[in-house]
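All figures in this text were calculated on a predicted structure; none of them were measured in a lab. Proteins get letters first, then strands, A, B, ... in listed order; numbering begins at 1 in each.
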Amino acid sequence: MQAISFFHSHVACSLKKKKQRRLVEEGDGVAQTKTSKKRTQKVNFCLHRGNLALTSSARETWFMVSFFLSSAQMVKKEEEEQAVSKKSKKTKEEIEEARQLKIKKKEEEEQNRWRWWEEEKYEDGVKWKFLEHKGPYFPPEYQPLPDNVHFYYNGHIVWVSFMESVTEMTHEERSLIQDLDKCDFGEIHAMHKAKTEARKNMSKEEKQALKEANQKIVDEYGYCLLDHHKERIGNFKIEPPGLFRGRGEHPKQGMLKKRIQPEDVIINCSKESRIPAPPAGHHWKEVRHDNTVTWLVSWTENIQGSNKYIMLNANSKLKGEKDWEKYEVARKLKSRVDDIRYQYLQDLKSKQMVTRQRAVALYFIDKLALRAGNEKEEGETADTVGCCSLRVEHITLHEQLDGNECVVEFDFLGKDCIRYYNKVPVIKKVFKSLKLFLENKQPGDELFDRLNTSVLNKHLSSLMPGLTAKVFRTYNASITLQQQLKELTNSQSHLLAALANMQADMWLQMKLIHVLPSTHICTSDDSFSVRLVERKKAAVKRCEEQLLKLEVQATDREENKQIALGTSKLNYLDPRISVAWCKNMEVPIEKIYNKTQREKFAWAIDMTEADFEF
DNA sequence: GTACGAGACTCAGAAAGGTTAAA
DNA sequence: ATTTAACCTTTCTGAGTCTCGTA
């Protein structure tokens with residue numbers, strides 16, 4: 001109930017602030033649209049673009065919901081499509097022909113689709129019985145620089161081995177090249193720019209040929225055979241070498257990510273399948289036949305020393321089944337959540353420090369949708385935290401703030417170095433506990449010194465099998481979506497209008513919340529933006545008009561306004577809720593999910609009845 | 001019990017690529 | 001009608017979560 005009331009309060013707030021937000025709207029150009037009909041659409045795509053940042057996980061949850069909704073009203077599009085096709089000068093026959101082809105293709109696809117959800121599940125741990133594939137696709141060989149392109153150090157031409165992706169700097173080079181400022185990559189940069197330009201200016205035929213060549217690679221390497229069904233592979237290409245960037249202030253940024261050789265690669269497939277052949281003159285590191293894992297190929301990456309995998313596409317059985325399972329666990333939480341919340345509220349009074357910290361952490365995870373927060377190796381990654389790894393400097397307690405009592409102010413970098421900034425009124429017991437946790441601690445000390453994700457998850461799984469911290473995100477997002485949909489009116493047109501308005505409000509609200517406290521959010525991003533601006537400014541000599549636009553883009557980035565969010569709806573909202581809603585409202589599913597999404601959620605679209613209840 | 005590290009998988013935004021609407 | 005910009009989709013790979021085995 002805690003979480004839900006929290007979500008609701010956001011809606012209420014969004015309505016109250018409507019007037020205020022209109023002002024902002026003007027500045028965004030949203031209100032500049034001419035007709036009222038168009039206006040709705042304008043709002044739509046603004047939402048679709050999702051060019052807004054989110055600093056709070058609870059807000060994230062909200063976005064997931066709003067994103068679902070934002071696509072719900074594209075019903076109008078179909079009419080337009082028809083109008084357009086009429087306008088074009090194609091003959092009726094051509095149109096008819098194209099339509100027939102489309103229908104045929106669709107039917108074919110439908111028939112080929114593996115309805116794995118109607119089959120019996122394998123025994124525990126077994127992921128497949130038969131697996132055959134072609135192995136990974138290796139990136140093209142390194143191409144040496146042309147003779148007329150040079151690298152200069154301190155004004156002198158230098159031939160260096162590290163330009164070849166395979167090798168690192170030699171000792172001599174290391175002693176010679178000390179100062180980055182003395183490096184001149186100008187000619188190399190110009191060459192690359194010319195290349196991209198040339199690519200852009202290719203003729204239609206050339207482009208077509210390139211496309212066909214790519215398609216051939218996909219046809220050969222992009223699919224595998226899994227238990228007699230052809231399945232698409234998600235990433236069949238080995239990652240090419242290059243400079244590691246990382247997100248945020250990453251200690252390893254700029255390190256060379258080495259070229260992966262077949263000798264580094266482990267192949268996983270059926271014993272009795274056609275084993276993929278390594279490139280001529282090479283051999284695999286290992287060929288194994290482990291059907292308890294889902295990957296086809298793996299290798300160890302040299303920056304973090306972690307494993308990389310080639311796995312199946314999201315529309316595959318292996319991924320789909322897991323996704324389904326995830327939502328089933330979240331649904332189970334629905335029936336237990338009252339008890340679980342009651343318990344952690346009780347635990348807030350515990351004399352035992354571990355229990356008490358656990359309770360507060362759970363309160364945050366449930367109410368604010370914080371991530372679990374595993375500990376990370378210092379110096380190996382950017383300094384980001386989640387719930388369990390919060391440190392003293394990440395929260396500030398306010399007895400009184402903006403007319404609220406017991407306010408906790410959060411300010412930390414979360415996943416992907418995205419800043420979480422939020423001021424949340426909490427219940428007294430939580431506030432008191434936090435004060436206790438902070439006693440005798442310095443900034444840099446852990447807030448929950450007796451707690452880690454392992455302890456937390458162990459406790460959760462004892463409360464309900466399969467329950468972990470992240471289930472709360474799925475549960476809260478999905479249940480909120482369902483409730484919001486229920487609350488909307490039954491009349492479709494009315495409803496769609498309501499949705500449009502609601503989204504406009506939410507969108508602006510989020511923007512406001514975010515932009516107001518926006519100081520510098522992710523410092524490394526700033527420097528990135530600065531570099532971007534610089535680079536572009538050089539280009540501007542030739543192309544002055546672009547300058548303005550690009551600077552605007554750079555500014556946008558600086559303020560972190562641009563954070564794509566569309567994918568979130570792929571990860572937290574039970575698709576069956578949306579499917580059921582579509583069935584009830586007689587809204588075609590195409591309005592909610594695009595082709596990829598429909599493929600991914602094929603199981604949900606097929607099995608869900610109108611009366612589905614999350 | 002618990003610390004630790006490897007492994008395997010989900011989730012995430014940036015960038016590239018493709019399509020459609022607007023100029 | 002053609003070019004360009006806006007928008008939407010796909011690809012890529014980094015960053016998390018969580019489990020499990022071992023000391």
Within the structure, does a side-chain N or O atom of [X] lie under 4.0 Å from either OP1 or OP2 of [N]?
X        : N      : answer
A/Lys257 : C/dG14 : yes
A/Lys326 : B/dC9  : no
A/Lys127 : B/dC9  : yes
A/Arg473 : B/dA12 : yes

Round to a whole Å and report the spacing from [atom1] of [X] to [atom2] of [N].
X        : N      : atom1 : atom2 : value
A/Leu570 : B/dC11 : CG    : C1'   : 10 Å
A/Lys600 : B/dA12 : NZ    : P     : 11 Å
A/Phe236 : C/dT13 : CZ    : P     : 12 Å
A/Lys595 : B/dT19 : NZ    : P     : 11 Å
A/Asn268 : B/dG7  : CG    : P     : 14 Å
A/Tyr221 : C/dT11 : OH    : C1'   : 19 Å
A/Ile418 : B/dG13 : CD1   : P     : 5 Å
A/Arg245 : B/dG13 : CZ    : P     : 15 Å

- prompt: Between C/dA15, B/dA8, B/dC11, which nucleotide has the shortest distance from any of its atoms to the side chain of A/Met311?
  reply: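 The listed nucleotide nearest to A/Met311's side chain is B/dA8.
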
With a 4.5 Å heavy-atom cut-off, do [X] and [Y] have their side chains touching?
X        : Y        : answer
A/Ser389 : A/Phe412 : no
A/Glu325 : A/Glu328 : no
A/His133 : A/Val297 : yes
A/Thr294 : A/Leu312 : no
A/Asp366 : A/Ile340 : no
A/Ser298 : A/Asn268 : no

query: In this structure, are over 12 heavy atoms from other groups packed under 6.0 Å from A/Lys129 atom NZ?
result: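 More than 12 heavy atoms, drawn from other residues, nucleotides or ligands, come within 6.0 Å of this atom.
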
query: Counting only heavy atoms not in A/Lys252, do more than 12 sit closer than 6.0 Å to its NZ atom?
result: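 Counting other residues, nucleotides and ligands, NZ of A/Lys252 exceeds 12 neighbours.
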
- prompt: Hey, can you pull the residues of residues 295-310 of chain A with a non-hydrogen atom under 4.0 angstrom from DNA chain B?
  reply: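 Heavy-atom cutoff 4.0 Å gives A/Trp295, A/Asn307, A/Tyr309.
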
- prompt: Near DNA chain B, under 4.0 Å by heavy atom, which residues of residues 315-325 of chain A?
  reply: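 Under 4.0 Å from DNA chain B: A/Lys319, A/Lys322.
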
A/Tyr593 and A/Ser578: CA distance, side-chain angles, deciding distance, side chain to side chain donor-acceptor pair (under 3.5 Å) verdict: CA-CA 9 Å; A/Tyr593 294 128; A/Ser578 318; 3.2 Å; yes

Residues two or more places apart in sequence or in another chain: which of them pass side chain to side chain contact (heavy atoms under 4.5 Å, CB included) with [X]?
X        : answer
A/Lys317 : A/Trp114, A/Trp116, A/Tyr122, A/Glu231, A/Glu321
A/Thr300 : A/Asn307
A/Gln215 : A/Val218, A/Asp219

task: Between protein and nucleotides 16-23 of chain C, map the contacts as a letter string: B base, S sugar-phosphate only, - none, heavy atoms under 4.0 Å, written 5' to 3'.
output: SBBS----

- request: Could you pick out which residue, A/Pro240 or A/Asn594, lies toward the 5' side of DNA chain C when each is mapped onto its nearest nucleotide?
  value: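 Going by which nucleotide is closer to the 5' end, it is A/Asn594.
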
- prompt: When you match A/Thr292 and A/Lys211 each to their closest nucleotide on DNA chain B, which lands nearer the 5' end?
  reply: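 Counting from the 5' end, the first nearest nucleotide belongs to A/Thr292.
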
